[in-house]
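Every heavy atom of this structure was used, including side-chain atoms; hydrogens, water molecules and symmetry mates were not. All residue numbers refer to positions in the sequence shown, counting from 1.
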Amino acid sequence: MNASTLHAGPPGLGLTLGADARAEGAWLVRDLHAAPGLDGPPGVLQGGFATGLAIAVARLVDHFGAPLTRLDARLHAPTRLGRDLQARVQPTETTAVHRVQTMDGDTLLVDAEVELAGHDPTPRVYDLAELATAPLAEPAPRELLATCWVCGHRPTHPLAQRMVPRWHDADTVVCPWIADDELGVDGAIDPVVVSAMLACPTAWASFRHVEDRGDEVGLLANYHLRVFRRAPLMEPLRVVARSDRVDGRRLHTRGALVDEDGIVYAATSALYISVPHLPETTAT
């Protein structure tokens, strides 16, 4: 990074924003770059990063400094790595709520709303919290998405987590995780990283239904993250996820970041669309 760029997330990730913003109508626009190695599908920014970077964009215009409350995002197109992209933000009519979009030229990639009004006080994910003490299954790496920053067993990024899937049952994933200091901000796990880590397990939780259809993968379409407290670095955590329901190609899942005492740090719900193959554009 140089004086003309800012980090979106921990410095080692390679997600950067232009330090100089420009006004375009109601939007405040910055250049955006996602470095190679932050893959979900090959050549495409991992879905939790693609949505979670909106948190960093909103934080740059926030006047209050309160912790993240929630992120609500819809993915419209893949965010390709190594390209010159744009991120833009504008206030909403609600205090501390910002609308953020990422763009590739005229193509809308992600449309998100970020609330920075303090932690959500009441997690209602009791079934997910119970997985804090569930027995851990053996890791089951899959060649599909083998280079993913979160769950791939052959990633290229130096900070990649290699949190390969562990199926508790056909519809439930329970993975142990310890976040290194490099993934932190102000002594806790960066929320952009939390967003990324919760995305992959929700995808794997729905994988049985993808296979039952004869498809190859579920693509993230909608993603909702709520934060309840600062997640600790260098302590044993669990990332858990469960498939909730299936409506044709639409796969609904939920996930949570918990510790072994059942404390819930963040929770997410996600919608995946089951497709026969990864789109060819994701490899370019």
Side-chain angles (χ1 to χ4, degrees), residues 6-10 13 15-18 21 23-34 38 40-41 44-64 66-81 83 85-120 149-150 185 189-200 202-203 219-228 252-255 257 266-273:
L6 303 168
H7 296 298
L13 284 182
L15 279 174
T16 60
L17 295 163
E24 295 183 3
W27 297 100
L28 194 64
V29 182
R30 298 176 189 270
D31 295 330
L32 166 66
H33 187 81
L38 296 173
V44 171
L45 185 61
Q46 192 261 3
F49 280 139
T51 53
L53 67 85
I55 301 166
V57 176
R59 181 65 71 192
L60 290 173
V61 297
D62 173 56
H63 300 298
F64 302 101
L68 173 68
T69 309
R70 63 176 175 90
L71 164 72
D72 296 294
R74 171 170 286 189
L75 294 90
H76 294 266
T79 301
R80 289 185 282 175
L81 299 172
R83 291 177 62 86
L85 307 173
Q86 304 80 42
R88 59 190 191 181
V89 59
Q90 63 175 251
T92 70
E93 295 180 353
T94 304
T95 301
V97 177
H98 309 272
R99 188 178 183 190
V100 180
Q101 293 181 340
T102 55
M103 307 288 296
D104 186 346
D106 294 330
T107 301
L108 176 63
L109 305 176
V110 175
D111 191 2
E113 191 171 87
V114 178
E115 183 176 3
L116 299 168
H119 292 146
D120 200 331
W149 188 92
V150 172
V185 59
I189 303 172
D190 193 301
V192 175
V193 175
V194 172
S195 178
M197 296 304 296
L198 281 170
C200 288
T202 56
L219 297 181
L220 184 59
N222 291 334
Y223 194 59
H224 309 282
L225 172 71
R226 289 190 174 271
V227 178
F228 306 104
H252 300 266
T253 64
R254 290 177 300 124
L257 178 64
T268 191
S269 61
L271 168 65
Y272 290 87
I273 306 298

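Closest approach of L85 and R80 over heavy atoms only: CD1-O, 3.9 Å. Smallest separation of non-hydrogen atoms from A8 and L13: O-CD1, 4.4 Å. A pairwise comparison of heavy atoms in A87 and V57 identifies CB-CG2, 3.9 Å as the closest pair. Nearest heavy atoms, L257 versus L198: N-CD2, 3.7 Å. Between V29 and R88, the shortest heavy-atom contact is CG2-CB, 3.8 Å. Residues T107 and A77 approach most closely at CG2-CB, 4.1 Å, considering heavy atoms.
E24 places no side-chain N or O within 3.5 Å of a backbone atom of W27 that could act as its donor or acceptor partner. T202 places no side-chain N or O within donor-acceptor distance of the main-chain N or O of A270, the cut-off being under 3.5 Å. In this structure, Q46 contributes its side chain and A196 its backbone to a donor-acceptor pair below 3.5 Å. The backbone N or O of A199 sits less than 3.5 Å from a side-chain atom of Y223, completing a donor-acceptor pair. Using a distance-only test at 3.5 Å, with no hydrogens or angles considered, no donor-acceptor pair links the side chain of T79 to the main chain of L45. Proximity of a side-chain donor or acceptor of S195 to a complementary backbone N or O of P191 within less than 3.5 Å is not detected.
In summary, R99 and E113 do not engage in a salt bridge, as defined by a charged side-chain N under 4.0 Å from a carboxylate O. Between R83 and D104, at least one side-chain N (NZ, or NE/NH1/NH2) sits under 4.0 Å from a carboxylate O, which counts as a salt bridge.
Atom CZ of residue R74 and atom NE2 of residue H76 lie 6.0 Å apart, to the nearest 0.5 angstrom. The line from CD1 of I273 to CG of L219 is 8.5 Å long, rounded to the nearest 0.5 Å. Of the inter-residue distances, the one linking D111 atom CG with T102 atom OG1 reads 8.5 Å to the nearest 0.5 angstrom. Here CG of L32 is found 7.0 Å from CG of L15. Values are rounded to the nearest 0.5 Å. To the nearest 0.5 angstrom, D120 atom CG is 5.0 Å from F228 atom CZ. Of the inter-residue distances, the one linking H7 atom NE2 with L53 atom CG reads 14.5 Å to the nearest 0.5 angstrom.
For the pair V193 and P10, the minimum side-chain heavy-atom distance is below 4.5 Å. Looking at V192 and M197, their side chains never come closer than 4.5 Å, going by heavy atoms from C-beta outward. The side-chain heavy atoms of R59 and L116, taken from C-beta on, include a pair separated by under 4.5 Å. For the pair D31/L17, no side-chain contact is recorded, criterion being any heavy-atom separation below 4.5 Å from C-beta on. A 4.5 Å side-chain heavy-atom check between L68 and V114 finds at least one atom pair inside the cut-off. Side-chain contact between V227 and V194: absent, with no pair of heavy atoms (C-beta onward) separated by less than 4.5 Å. Side chains of L6 and R30 form a contact here, defined as non-hydrogen atoms less than 4.5 Å apart. Contact of the M103 side chain with the L108 side chain is registered, since non-hydrogen atoms from C-beta on lie closer than 4.5 Å.
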Practice task
Mind running side-chain contact (heavy atoms from CB on, under 4.5 Å) on N222 and L75 for me, showing each step along the way?
Solution key: CA-CA 6 Å; N222 291 334; L75 294 90; over 6 Å; no
query = Taking it one step at a time, do H224 and L71 satisfy side-chain contact (heavy atoms from CB on, under 4.5 Å)?
reply = CA-CA 6 Å; H224 309 282; L71 164 72; over 6 Å; no
